[in-house]
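Please see the structure below; I have some questions.
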Amino acid sequence: MKKTFLLFATWLISMSTHADDGHKLWLGHWDTSLNSQTSVTANAASPTIDIARAELTNGYQRGNVKLVLDKKLALGDGFRLQAHCSKMGSAGNYDATVYASTDIGLLYGTYDLLRLQNTGALSAGGSSPRIDTDGHDVDKTEQPFYPLRLLNHWDNLDGSIERGYAGESIFEWFHLDKELIGQYARANASIGINGSVLNNVNASPKILTHEYLKEVQTIADILRPYGIRVFLSINFASPMALGDTKTADPLNPQVRQWWKKKAQEIYKLIPDFGGFLVKANSEGQPGPGDYHRSHADGANMLADALKPYKGIVMWRCFVYGANHKGEDRVKQAVSEFKPLDGKFRDNVILQTKNGPLDFQPREPYSPVFDQIHHTPNMVELQITQEYLGQSRHLVYLAPMWREFFLQVSPYNIKGIAGVANIGKDKNWCGHHFSQANWYAFGRLAWNPDLTSEEIAREWLKQTFCHDATFINTMTEVMMASREACVDYMMPLGLHHIFKFDHHYGPEPDGFKAEYPIEWCPVYYHKADTEGVGFNRSSTGTDAVSQYREPFASLYDNIDTCPDEYLLWFHHVPWTHRMKSGRTLWQELNVKYNHGVSEASRFLDTWQRMKPIVTECDGDDQRWNEVNDRLKHQAENAREWRDVCLKYFQSFSKQPIIE
């Protein structure tokens, strides 16, 4: 264990001396001008505690730290942190003690102490609304809100990533970069993420072959000391695809036995394996429906195989298509799963996207969360910006996720998963500011009551610097960025008018006869000479009826429906008078123009920040890379506005407003 501690300490020192290319994420900015004679003691030892000691020895500059493992404490994987200010002043010393019931609790407490230091909360005049203080002393207890806090990687076995915008997969099968995976684990542990689904939901059966499982074992061994369990996406037809059975029917005894033997093989290699994530009978993927069986039949077969090992099945509710011909796509998940509620094993969790469609810039929440009462639900968020400018746009997603939690109580959800935005790019996420979405996901998974602004300020201070002008200015940009994106892409409830397949750029006229109609933009906006929007009210598809009150009535009435969802739920005349007093056509112009103006403002603001960023980094690399991205974003915003307004003008026959 001493060797583990020394090797990890050496690696941390080397990380802190590299030029700032974004690879250090929010973990590399330590003020070495402060006390560097840190003493760290622990009353127990393990690989996880060794990591905590190394982090504190190399990163904590405020005083001495004790790590106390006490299994009698009822803290779960949480911690209690006490820090006493022994010397007042802006650089006062804070001797600290971290108490926990588990090794990983000590590590989480370690990262929290470092976060308090690196955000300036441990200083005279420093403050945090989440700290109970007595003078300048700290005494706080935290526990993770969700037991399941997972990243879902859509990484393929060939190294490509579906909806990945930051290079190839960090999981290079049979050539694993163990140091890189260790850095990945460290970043996740620092924000409380405790699970990783390593591969794409459009899964290859090969992931379950023994040669790949041995690689999964290697990854699991690297992640384990950081409190991260591995999960796998599985292809439902794997036993048949691998040539071991003639069918994948979940009620077939040979198929059921195959999965039991496979689970036994996995857990022999990886005793803490988390379980399976399944995309079944959706977008061409095989599933129990191929054999006229239900989702419950399929999920329960897998759940039975995993049950002896306390593994879980996460069964995705993203299902639409052939079985629902003619039904509004946003209603299909409820139609599919509500009749099965209560028929799943107790180790099955339904994983549902935050909205009923597909990670749009803005959607109402998915009514699955209203309609499923007897089966655990977890929410799936998309960190990678598939529909929000990918790695080219600065769009901070915490406000979107907080919007979801204002509609769906966090207490009605048993876990949270985020589709990762991580790749082999040096800065991990393609765009330096996209790192903030990875960070924000972890922080909200730990505590969904944190505000978007709190998280933005935390991230900026740890990632860039503490300059007040910079922090205040860029926090405002981040907080405004998601609404700006909605405005220049799809305001007032417009949705899914992207270009086919890659979902980058506008294509409101998109229609291809060879595609399912649910993939065509014209299906979603239904523009005509009378107006625009999808009528999902009680006079249309009646999607509103799937919502609980007061939302069902609120959305059903065109006069009470919030403007941001108006065209989602109603086909609205071009001359309809909006709450602003403008007509719908005028309001659409105002929104698009505002989005373009905001994108230009973000660029101008960043250019004013150059002296601060350059001084912080010691060179122009990060500033230049962000500046180039913001220029591109401003250009894209103008393209979205011009293409969309020109197209919709062909129906409204009204002048475009500059």
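Residues: numbered from 1 along the sequence shown.
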A side-chain contact here means heavy atoms from C-beta on lying under 4.5 Å apart; do Q371 and F337 qualify?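 When only atoms from C-beta onward are counted, F337 and Q371 do not touch, as no gap falls below 4.5 Å.
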For the pair Y524 and F534, name the ring-plane relationship: parallel under 30°, tilted 30 to 60°, perpendicular over 60°.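 Rings of Y524 and F534: tilted, as their planes differ by 30° to 60°.
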Salt bridge E403-R482, side-chain N to carboxylate O under 4.0 Å: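 Salt bridge between E403 and R482, a charged N being under 4.0 Å from a carboxylate O: yes.
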Side chains of Q217 and K214: is there a donor and an acceptor less than 3.5 Å apart?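 A donor-acceptor contact under 3.5 Å links the two side chains.
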Short question: side chain of Q390, backbone of H502 - any donor-acceptor pair under 3.5 Å?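 Yes; judged by distance alone, with no hydrogens or angles, the pair exists.
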Do Y184 and S196 meet the criterion of a side-chain donor-acceptor pair at a distance under 3.5 Å?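 Result is yes, a qualifying pair exists.
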Is there side-chain contact between F569 and N535, with heavy atoms separated by less than 4.5 Å?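 Not in contact.
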Ring-plane angle category for W173 and F171, please: parallel below 30°, perpendicular beyond 60°, tilted otherwise.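 Tilted.
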So how far is it from Y267 OH to K262 NZ, rounded to the nearest 0.5 Å?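 The NZ atom of K262 is 14.0 Å from OH of Y267, to the nearest 0.5 Å.
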Tell me every residue that passes salt bridge (charged side-chain N to carboxylate O under 4.0 Å, His left out) with E283, counting only those two or more places apart in sequence or in another chain.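 Only K279 meet the salt bridge (charged side-chain N to carboxylate O under 4.0 Å, His left out) criterion with E283.
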Is there side-chain contact between Y309 and I270, with heavy atoms separated by less than 4.5 Å?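 No; the side chains remain at least 4.5 Å from each other.
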Using 30° and 60° as the class boundaries, would you call the ring planes of H295 and W315 parallel, tilted or perpendicular?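 Rings of H295 and W315: perpendicular, over 60°.
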Please check if any side-chain donor atom of D77 sits under 3.5 Å from a side-chain acceptor atom of Y108, or the reverse.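 Side chains of D77 and Y108: no pair found under 3.5 Å.
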Got V330 and R536 here, is their nearest side-chain heavy-atom distance under 4.5 Å?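 Yes, their side chains come closer than 4.5 Å.
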Does a sphere of radius 6.0 Å around OH in Y411 hold more than 12 heavy atoms from other residues, nucleotides or ligands, not counting ones at 6.0 Å or beyond?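 Count not over threshold, so no.
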Heavy-atom count check: over 12 atoms from other residues, nucleotides or ligands less than 6.0 Å from K71 NZ?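 Open: at most 12 neighbouring heavy atoms sit under 6.0 Å from NZ of K71.
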Between Q385 and N421, do the side chains contain an N or O donor and an N or O acceptor separated by less than 3.5 Å?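 There is no such pair (donor and acceptor under 3.5 Å, judged by atom type) between the side chains of Q385 and N421.
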Salt bridge (charged side-chain N to carboxylate O under 4.0 Å, His left out) partners of E172, counting only residues at least two apart: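 If we apply the salt bridge (charged side-chain N to carboxylate O under 4.0 Å, His left out) test to E172, skipping adjacent residues, the hits are K424.
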Side chains of D297 and S294 only: does a donor on one sit below 3.5 Å from an acceptor on the other?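 Note: D297 and S294 side chains meet the donor-acceptor criterion.
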Evaluate the side-chain proximity of I234 to L277: yes if any heavy-atom separation is below 4.5 Å, no if none is.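 With C-beta onward as the side chain, the pair stays apart.
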Does a side chain donor of either T541 or D328 reach within less than 3.5 Å of an acceptor in the other side chain?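 Note: T541 and D328 side chains meet the donor-acceptor criterion.
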Quick one: list whatever passes salt bridge (charged side-chain N to carboxylate O under 4.0 Å, His left out) with D425, sequence neighbours left out.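 Residues passing salt bridge (charged side-chain N to carboxylate O under 4.0 Å, His left out) with D425: none at all.
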Going by heavy atoms in the side chains, are L208 and W258 under 4.5 Å from each other?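 Yes, side chains in contact.
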Regarding Y365 and D370, do their side chains bring together a donor and an acceptor under 3.5 Å, going by distance alone?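 Side-chain D/A pair, Y365 to D370: present.
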For a 4.5 angstrom cut-off between non-hydrogen side-chain atoms, does Q382 reach W154?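 Heavy-atom side-chain distance check passes, below 4.5 Å.
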Tell me yes or no: between the side chains of N557 and S553, is some donor less than 3.5 Å from an acceptor?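 There is no such pair (donor and acceptor under 3.5 Å, judged by atom type) between the side chains of N557 and S553.
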Can you find a pair of side-chain heavy atoms, one from E564 and one from L492, that are under 4.5 Å apart?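 They are not in contact (no side-chain heavy atoms under 4.5 Å apart), so the answer is no.
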Would you tell me whether D542 and S545 have side-chain atoms, one donor and one acceptor, within less than 3.5 Å of each other?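 D542 vs S545: donor-acceptor pair found between side chains.
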Let me confirm one number: the CD1-CH2 distance from I191 to W438, rounded to the nearest 0.5 Å.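 If we round to the nearest 0.5 Å, I191:CD1 and W438:CH2 are 7.0 Å apart.
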To the nearest 0.5 Å, what is the distance between CG on D249 and OG1 on T247?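 Rounded to the nearest 0.5 Å, the CG-OG1 separation comes out at 5.0 Å.
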Any chance the side chains of N156 and S160 put a donor and an acceptor closer than 3.5 Å?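 S160 and N156 do have a side-chain donor-acceptor pair below 3.5 Å.
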Taking D304 first and then R345, would you say they form a salt bridge - that is, a charged N and a carboxylate O separated by under 4.0 Å?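 Salt bridge: yes.
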For a side chain to side chain contact (heavy atoms under 4.5 Å, CB included) with M314, tell me which candidate from N152, V197, V201 qualifies.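 It is V197, the one option of N152, V197, V201 that forms the side chain to side chain contact (heavy atoms under 4.5 Å, CB included) with M314.
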Inspect the surroundings of NZ in K526 and state if more than 12 heavy atoms from other residues, nucleotides or ligands are less than 6.0 Å away.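 It does: K526 NZ has more than 12 such atoms within range.
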Can you tell me if N281 and D290 form a side-chain donor-acceptor pair at under 3.5 Å?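 Per modelled atom types, N281 and D290 side chains form a pair under 3.5 Å.
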Hey, are E336 and H324 close enough side-chain-wise for a donor-acceptor pair under 3.5 Å?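 Side chains of H324 and E336: pair found under 3.5 Å.
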If you take all heavy atoms of I222 and Y226, which pair is closest and at what distance?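 Minimum heavy-atom contact is O-CD1, 3.6 Å.
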If we count only N and O atoms by modelled type, under 3.5 Å, do the side chains of H495 and E363 hold a donor and an acceptor together?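 E363 and H495 do not have a side-chain donor-acceptor pair below 3.5 Å.
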Side-chain donor-acceptor pair under 3.5 Å between S46 and T48, yes or no?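 No, no side-chain donor-acceptor contact under 3.5 Å.
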